[in-house]
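None of these values were measured; they are calculated from a predicted model. When a residue number appears, it is its place in the shown sequence, counting from 1.
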Amino acid sequence: MGLRKDFLWGGATAANQCEGGYNEGGRGLANVDVAPIGEDREAVISGNMKMFDFDENHRYPAKVGIDMYHRYKEDIALFGEMGFKTYRLSIAWTRIFPKGDELEPNEEGLQFYEDLFKECHKYGIEPLVTITHFDCPMHLIKEYGGWRNRKMVEFYERLCKVLFTRYKGLVKYWLTFNEINMILHAPFMGAGLYFEEGENKEQVKYQAAHHELVSSAVATKIAHEIDPENQVGCMLAAGANYPYNCRPEDVWASRQADRSSYFFIDVQSRGEYPAYVLKQLEREGITIQMEEGDKELLKNNTVDFISFSYYSSHVTTTENNVEKTDGNAFSSVKNPYLDSSEWGWQIDPLGLRITMNDIYDRYQKPLFIVENGLGAIDEPDENGNITDDYRIDYLSKHIQAMKDAVETDGVDLLGYTTWGCIDLVSAGTGEMKKRYGFIYVDLDNEGNGTLERRKKKSFDWYKKVIATNGEDLSND
Ligand code: BGP
């Protein structure tokens with residue numbers, strides 16, 4: 001028994017990290033556009049530095065991305081050549097509704113994605129569409145304060161209705177919010193939240209989270225109404241928390257850390273706020289304003305599958321003075337038993353198996369790994385070849401762990417899409433030199449380069465992995 005026969009192998013990208021064309025096709029400005037590369041990025045994406053438009057002193061890599069807006073045919077052809085069964089991409093909300101609160105959508109934006117989806121189907125690639133991957137129209141942030149405002153539910157619903165109706169028959173797999181727990185860690189990027197001086201940030205974040213959770217349930221409801229074939233998933237930035245040592249205090253701290261993320265999926269998959277979060281909010285003096293009907297809506301419209309990103313496990317302790325290391329949005333205590341990437345993200349393939357088991361035990365719904373990969377510096381040799389054995393090594397070990405979870409532990413898994421199957425702008429740092437792709441893009445951190453696409457060594461390796469349905473992971 002191996003992976004399912006119709007296993008969805010593929011790769012993942014997000015509109016703001018690859019499309020570019022930020023002012024073309026009638027597109028409006030979004031929060032993700034105004035996140036600069038450089039030292040201010042973190043303050044901007046966490047909502048602590050006000051950046052509501054471009055300024056002269058910063059560079060904004062999302063403006064150009066990797067120019068996929070103009071080159072998607074070439075890129076999808078390469079995905080087709082690798083044998084992708086699925087391609088995960090996101091919709092730029094501002095292509096469909098440039099300001100976000102219009103009543104009528106922008107036809108040019110709708111046509112763009114229709115063409116793109118048709119291009120995927122030419123190669124037998126099933127699109128997997130993230131409705132919002134960190135993007136929020138700037139107009140909605142300026143006028144309404146982003147997701148802190150209940151009105152967002154209405155705007156998001158309008159967006160979803162348009163998408164499900166227009167792309168009926170072209171798209172079947174939908175994700176409502178990318179890494180929904182990111183709202184707690186990078187709230188401007190995750191939910192268009194900018195904080196005024198003295199504001200109770202936790203109060204704002206949890207209220208905004210409620211609006212996203214309600215919206216996710218609304219989306220699930222109308223997706224099923226419009227086409228019963230639609231499959232809707234939630235999406236979590238995952239990675240099990242390990243206790244730093246076996247002191248019960250550390251074990252408890254790691255459980256708490258897991259819960260701070262699982263809270264979102266508990267609501268999206270089980271349909272109600274768990275007791276531990278209600279108690280936590282009460283303790284912290286946070287009151288969530290709910291409208292009549294919210295509870296029923298959440299209960300009656302849970303997701304069909306659980307998707308998540310996995311880059312690393314995390315370590316938690318109550319001790320001070322322990323070494324920390326970077327990770328996907330949240331830093332962690334450094335695990336002395338693991339190697340790290342050049343960006344300090346620790347490498348833990350078994351952690352993927354552990355995480356899959358944790359999630360499957362908790363929800364018993366099919367899982368979908370929609371992000372996994374190694375951000376690394378790739379140096380082309382004198383002939384322009386990129387021999388990325390380190391990436392092959394990372395991916396093969398993670399795919400093996402994923403297979404163990406399926407074959408040995410019985411986890412039900414729909415598919416696997418590597419993050420950044422083509423090099424793209426980093427969400428965390430805005431860099432180009434942090435590369436994840438099987439396809440190299442000639443572009444550097446300063447925005448110089450021809451944008452030419454080139455296959456790396458991992459390109460043929462992944463093609464073989466897909467062709468053998470994950471049986472042959474060797475690097476030869
Ligand atoms: C996740 C995001 C992606 C992606 C990835 C890698 O948080 O969903 O958008 O970018 O992490 O992170 P980074 O780009 O910071 O290396």
Side-chain angles (χ1 to χ4, degrees), residues 14-17 22 28-65 92-94 132-149 152 177-209 211-212 237 257 260-261 286 309 311-312 314 324-333 341-345 375 424-434 444-447:
N16 74 87
Q17 293 169 259
Y22 78 102
L29 197 67
N31 58 341
V32 283
D33 300 327
V34 297
I37 185 172
E39 56 181 20
D40 290 333
R41 186 176 182 90
E42 180 152 7
V44 171
I45 65 179
S46 57
N48 295 317
M49 177 174 170
K50 193 167 189 170
M51 182 78 74
F52 281 9
D53 210 335
F54 303 122
D55 70 24
E56 308 262 290
N57 308 320
H58 294 89
R59 215 177 68 69
Y60 301 91
K63 280 182 164 180
V64 176
W93 189 338
T94 49
T132 43
H133 192 124
F134 297 151
D135 62 332
C136 181
M138 270 319 297
H139 173 77
L140 297 185
I141 296 174
K142 289 184 192 158
E143 290 298 313
Y144 304 89
W147 278 97
R148 76 179 65 210
N149 194 319
M152 291 295 285
F177 291 90
N178 180 62
E179 297 190 331
I180 191 162
N181 48 330
M182 204 55 90
I183 192 172
L184 300 179
H185 308 279
F188 182 70
M189 185 162 81
L193 300 177
Y194 168 73
F195 301 105
E196 298 295 346
E197 195 72 23
E199 211 174 9
N200 180 345
K201 291 185 186 175
E202 296 307 303
Q203 169 70 44
V204 174
K205 285 195 253 180
Y206 278 97
Q207 185 63 52
H211 296 150
E212 289 195 348
S260 68
S261 288
I286 296 169
S309 61
Y311 294 91
S312 185
H314 310 282
K324 295 266 178 103
T325 188
D326 269 345
N328 183 18
F330 11 109
S331 66
S332 163
V333 172
S341 79
E342 286 151 312
W343 274 264
W345 295 22
L424 38 62
V425 176
S426 158
T429 70
E431 292 170 290
M432 262 314 290
K433 79 168 187 206
K434 189 180 188 190
D444 67 17
N445 275 0
E446 284 69 47

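- Scanning all heavy atoms of the two residues, the minimum distance from Val34 to Met138 falls at CG2-SD, 4.2 Å.
- No more than 12 heavy atoms of other residues, nucleotides or ligands sit less than 6.0 Å from atom NZ of Lys433.
- Residues Glu212 and Phe177 approach most closely at O-CE1, 3.3 Å, considering heavy atoms.
- With Thr325 contributing its side chain and Gly344 its backbone, the two residues share a donor-acceptor pair below 3.5 Å.
- Within the 3.5 Å criterion, the main-chain N or O of Gly38 finds no donor-acceptor partner in the side chain of Arg59.
- A distance-only check finds a donor-acceptor pair linking the side chain of Asn31 to the backbone of Phe134 [under 3.5 Å].
- A donor-acceptor pair under 3.5 Å is absent between the side-chain atoms of Asn16 and the main chain of Val32, judged by distance alone.
- When all heavy atoms of Asp135 and Ala30 are compared, the pair lying nearest together is CB-CB, 4.5 Å.
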Please evaluate residues Leu140 and Met152 with respect to the criterion side chain to side chain contact (heavy atoms under 4.5 Å, CB included), reporting the C-alpha separation (whole Å), side-chain torsions for both, the decisive distance (0.1 Å), and the verdict. CA-CA 8 Å; Leu140 297 185; Met152 291 295 285; 3.8 Å; yes

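- Lys205 has a carboxylate O that lies under 4.0 Å from a charged side-chain N of Glu202, or vice versa, which qualifies the two as a salt bridge.
- In terms of heavy-atom proximity, Ser261 sits nearest to Ala237 at OG-O, 4.3 Å.
- In this structure, Gln17 and Leu424 approach most closely via the heavy-atom pair O-CB, 3.2 Å.
- Contact check for Pro187 versus Phe195: side-chain heavy atoms found under the 4.5 Å cut-off.
- Of the possible donor and acceptor atoms, one in the side chain of Tyr60 sits under 3.5 Å from a partner among the backbone N and O of Asp55.
- Proximity of Leu29 to Thr94: side-chain heavy atoms (C-beta onward) are nowhere separated by under 4.5 Å.
- Minimum interatomic distance between Phe188 and Met51 (heavy atoms only, all atoms of both residues): CZ-O, 4.0 Å.
- Atom OG of Ser341 and atom OH of Tyr311 lie 11.5 Å apart (nearest 0.5 Å).
- Checked against side-chain contact (heavy atoms from CB on, under 4.5 Å), Ala62 has the following partners two or more places apart in sequence or in another chain: Asp33.
- Using modelled atom types and a 3.5 Å distance limit, the side chains of Asp40 and His58 yield a donor-acceptor pair.
- Under the side-chain contact (heavy atoms from CB on, under 4.5 Å) criterion, His211 pairs with Trp147, Arg150, Val153, Gln207, sequence neighbours left out.
- A donor-acceptor pair shorter than 3.5 Å cannot be found between the side chains of Glu42 and Asn48.
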Trp345/Asp326 under side chain to side chain contact (heavy atoms under 4.5 Å, CB included): CA gap, chis, key distance, verdict: CA-CA 6 Å; Trp345 295 22; Asp326 269 345; 4.1 Å; yes

Would you sort out whether Asn181 and Ser260 count as a side chain to side chain contact (heavy atoms under 4.5 Å, CB included), showing the intermediate values? CA-CA 8 Å; Asn181 48 330; Ser260 68; over 6 Å; no

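- Taken from CD in Glu179 to OG1 in Thr132, the straight-line distance is 11.5 Å, to the nearest 0.5 Å.
- Cation-pi geometry between Lys50 and Phe52 is satisfied (NZ or CZ under 6.0 Å from the ring centre, within 45° of the ring normal).
- When each of Asn445, Asp444, Ile37, Val64 is paired with Met432, the side chain to side chain contact (heavy atoms under 4.5 Å, CB included) condition holds for Asn445 and for no other.
- Salt bridge present: Arg148 and Glu199 bring a charged side-chain N and a carboxylate O closer than 4.0 Å.
- A cation-pi contact, defined as under 6.0 Å to the ring centre and within 45° of the axis, is absent between Lys201 and Tyr206.
- Expressed to the nearest 0.5 Å, how far SG of Cys136 lies from CD1 of Ile141 amounts to 4.0 Å.
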